[in-house]
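Notes to accompany the following structure.
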Amino acid sequence: MNLQNEYLLGIYNKVAKKDSTEPEFLQAVGEVLESLEPIVERNPEMEKTGVIERMVEPERTIMFRVSWVDDNGNVQVNRGYRVQFNSAIGPYKGGCRFHPSVNLSVIKFLGFEQTFKNSLTGLPMGGGKGGSDFDPKGKSDNEIMRFCQSFMTELSKHIGADTDVPAGDIGVGAREIGYMFGQYKRLKNEFTGVLTGKGLTYGGSLARKEATGYGLCYFTNEMLKANNNSFEGKTVVISGSGNVAIYACEKAYELGAKVVAMSDSNGYIYDKDGIDLDLMKTIKEVERKRISEYAVRKPGAVYTEGCKGIWTIKCDIALPCATQNELDKDGAEALVKNGCILVAEGANMPSTPEAVNTFLSNGVLFGPAKAANAGGVATSGLEMSQNSMRYSWTFEEVDEKLKGIMKNIFAAAYNASKECGCEGNLVVGANVAGFLKVYDAMKWQGVAY
Ligand code: NDP
Ligand code: 2IT
């Protein structure tokens, strides 16, 4: 962290003191405050509104017990979270994550970033995030259902189609959303668009499943186009093998690239002939098995234990799509050494601050998460619109809108970077462009809530 502006440094120091046990949250706040330096210096009146001080404190933090009965009849207890971060520009909106690493720091960093990401989409959505330290791995379908029902029994008291609209994230896909939606409907006797990422037979949007990965590639394509380049003939490495990674892989192929590596939390596979996406989907989406299984079934593919080694594979484009801080300085240096020209983040905050600096100082084109992975929540916004209209658009209609939104986000971030005097630095550009709309809304809505 390298904050010079006294006012912003003061805000950071207060947060660092108050939330000293929340490293991920501090990391996310530090990055945004750094980006705001040029505009705060140009607009000293910003200080008087106290908007930035308010932005770093969530409007509401809900923590709750989730108890459920496992298949052996034993009672299990997990902790549930919903952080309603900012509702200045619309109802709280953001996913729920089920993973043993979930804690308040992780949910707060995600909710904080979501506020600016949602602003960038141009749609009227505030920021929120939720989840639980529940580990879905190895659980039976019935256990997943009972957990989701218990989680929603409490969550339902705090959400609503015009209040807070959760969705998926790590460990929460169509199956979990279905169980949670069913429980919400039972409790409230209401069929509303209270969750997004729903199944297509009960209010889901076409192209939502594909949206984050496709959007990431549309955004990457804009970055490449601005540099007179394209996906055609490029070698791509993608970390993760979940929802975002799989559909990023699909779109990268469609745009003419070859994807040679993917991973999970145990290890990575390298397939020099290009990943067989149908096989990957079968193993990951249908059978829910480990990625090592891919190397067992695909001749020529190699599996390596441990996930960080994936960044040592030579590629033109790297798309980290697994989790926060998965790409550190060593990984970034390996990518630079091997001639990587572009890194775009499908996951939230996958690159450590040192990795980001390594990319920026070595001329690697860098697409930060808030902008590059906003296609998922943007399409959730489109699902909300369709639910409100009681109407559905075709796959092509949603996909076209998604493309347009990613194009606009790139333009907004690029232009903001130019105005801040660091043309092409999309970290600064995305933070500033996302911030300005929320700033204005908070300023005009006054101080007391
Ligand atoms: P999934 O649960 O579908 O997939 C997650 C993938 O990341 C899996 O391959 C998983 O491996 C791997 N992973 C998870 N945690 C770790 C870890 N601690 N170390 C190494 N690998 C890990 O989630 P998504 O694809 O939906 O989400 C991936 C990322 O994208 C997250 O950062 C999420 O916040 C972000 N994102 C998701 C959006 C969405 O619409 N779903 C939208 C925008 C961002 P394993 O199976 O071994 O756990
Ligand atoms: O991080 C994210 O943007 C998501 N997990 C998607 C949120 C959403 O509401 O679709």
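Only a predicted model underlies this, so the values are computations on that prediction, with no experimental measurement involved. Every number for a ligand or one of its atoms is a count from 1 in the order of the listing.
Shortest contact from atom 2 (C) of ligand 2 to any protein heavy atom: Lys117 NZ, 3.2 Å. In this structure, the protein non-hydrogen atom closest to atom 46 (O) of ligand 1 is Arg290 NH1, 3.5 Å. In terms of protein heavy-atom proximity, atom 15 (N) of ligand 1 is nearest to His99 NE2, 3.6 Å. Taking atom 3 (O) of ligand 1 as the reference point, the nearest protein heavy-atom neighbour is Asn243 N, 2.9 Å. From the protein, the heavy atom lying nearest to atom 10 (C) of ligand 1 is Ser265 N, 4.5 Å. Atom 7 (C) of ligand 2 has Gly95 N, 3.5 Å as its closest protein atom, hydrogens excluded (heavy atom only). Distance from atom 23 (O) of ligand 1 to its nearest protein heavy atom, with residue and atom name: Ile170 CA, 3.4 Å. Closest to atom 43 (C) of ligand 1, if we only count protein heavy atoms, is Thr212 CG2, 3.5 Å. When hydrogens are left out, the protein atom nearest atom 29 (C) of ligand 1 is Ala322 O, 3.2 Å; that is the closest non-hydrogen contact.
Among the atoms of Asn266, none of the N or O lies under 3.5 angstrom from an N or O of ligand 1. Considering backbone and side-chain N/O atoms, Asn348 comes within less than 3.5 Å of an N/O atom of ligand 2. For Asp169, a nitrogen or oxygen atom sits less than 3.5 Å from a nitrogen or oxygen atom of ligand 1, counting backbone and side chain alike.
The salt bridge (charged side-chain N to carboxylate O under 4.0 Å, His left out) with Lys281 is formed by just one residue from the set Glu210, Glu287, Glu250; it is Glu250.
Ligand-side atoms of ligand 2 in range of Lys129: 1 (O), 2 (C), 4 (C), 5 (N), range being under 4.0 angstrom from any heavy atom. Near Cys321, the atoms of ligand 1 lying under 4.0 angstrom from a non-hydrogen atom of the residue are 28 (C), 29 (C). Short contacts between ligand 2 and Ala167, defined as distances under 4.0 Å to a heavy atom of the residue, involve ligand atoms 8 (C), 9 (O), 10 (O). Of all atoms in ligand 1, listed by their number and element, those nearer than 4.0 Å to a heavy atom of Ala347 are 29 (C), 30 (O), 32 (O), 35 (C). Per-residue contacts place Lys93 under 4.0 angstrom from the following atoms of ligand 2 (heavy atoms of the residue considered): 8 (C), 9 (O). Of all the atoms in ligand 1, the ones that sit under 4.0 Å from a non-hydrogen atom of Lys137 are 45 (P), 46 (O), 47 (O), 48 (O).
Heavy atoms of Gln324 found under 4.0 angstrom from ligand 1: none, in either backbone or side chain. The proximity of Glu326 to ligand 1, defined as any non-hydrogen pair under 4.0 Å, does not occur for either the backbone or the side chain. In Val244, the parts holding a heavy atom less than 4.0 Å from any atom of ligand 1 are both the side chain and the backbone. By the criterion of a heavy-atom distance under 4.0 Å, neither the backbone nor the side chain of Thr379 is placed next to ligand 2. Contacts between Arg208 and ligand 2, counted as non-hydrogen atom pairs separated by less than 4.0 Å, involve the side chain only. Looking at Arg208 against ligand 1, only its side chain comes within 4.0 Å, counting heavy atoms.
The closest non-hydrogen atom to atom 2 (O) of ligand 1, taken over Gly376, Gly171, Gly131, Gly242, comes from Gly171. Considering each of Val106, Asn348, Thr323, the one bringing a non-hydrogen atom nearest atom 19 (N) of ligand 1 is Thr323.
By the definition of a contact as any protein heavy atom under 4.0 Å away, atom 38 (C) of ligand 1 is in contact.
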Report the C-alpha separation of Glu22 and Leu104 in whole Å, then their side-chain angles, then the decisive distance to 0.1 Å, and conclude whether the side chain to side chain contact (heavy atoms under 4.5 Å, CB included) test is met.
CA-CA 7 Å; Glu22 299 172 5; Leu104 188 58; 3.6 Å; yes

Check against side chain to side chain contact (heavy atoms under 4.5 Å, CB included), Gln386 and Val398
CA-CA 10 Å; Gln386 293 168 84; Val398 179; 4.2 Å; yes

Step-by-step salt bridge (Lys or Arg N to Asp or Glu O under 4.0 Å) determination, Glu293 to Arg297
CA-CA 6 Å; Glu293 186 65 23; Arg297 296 194 205 170; 3.0 Å; yes

From CA spacing to verdict: side chain to side chain contact (heavy atoms under 4.5 Å, CB included), Val165, Ile159
CA-CA 6 Å; Val165 183; Ile159 62 176; over 6 Å; no

Full working for side chain to side chain contact (heavy atoms under 4.5 Å, CB included) between Val260 and Cys315
CA-CA 8 Å; Val260 295; Cys315 64; 5.5 Å; no

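With a 4.5 Å cut-off on side-chain heavy atoms, Val236 and Tyr253 do not count as touching. When side chains are defined from C-beta on, Asp264 counts as touching Arg290, because their heavy atoms get closer than 4.5 Å. Residues Arg97 and Val106 form a side-chain contact, since some pair of their non-hydrogen atoms from C-beta on lies under 4.5 Å apart.
Note: Tyr270 and Tyr303 fail the aromatic proximity criterion, with ring centroids not under 6.0 Å apart. Side-chain rings of Tyr202 and Phe181 approach one another, their centers coming within less than 6.0 Å. Under the 6.0 Å cut-off for aromatic ring centres, Tyr81 and Phe64 do not qualify, their centroids lying 6.0 Å or more apart.
In this structure, Gly168 has a heavy atom closer than 4.0 Å to ligand 2. In this structure, Arg97 has no heavy atom closer than 4.0 Å to ligand 2.
Seen from the ring of Phe134, Lys139 counts as a face-on cation partner, given the 6.0 Å and 45° thresholds.
Note that CG of Asn325 and CD of Glu354 are 8.5 Å apart. Values are rounded to the nearest 0.5 Å.
Using cut-offs of 30° and 60° on the angle between ring planes, the pair Phe359 and Phe366 is parallel.
At a threshold of 4.0 Å, the pair Lys298-Asp271 counts as salt-bridged, since one of the basic side-chain nitrogens sits closer than that to a carboxylate oxygen.
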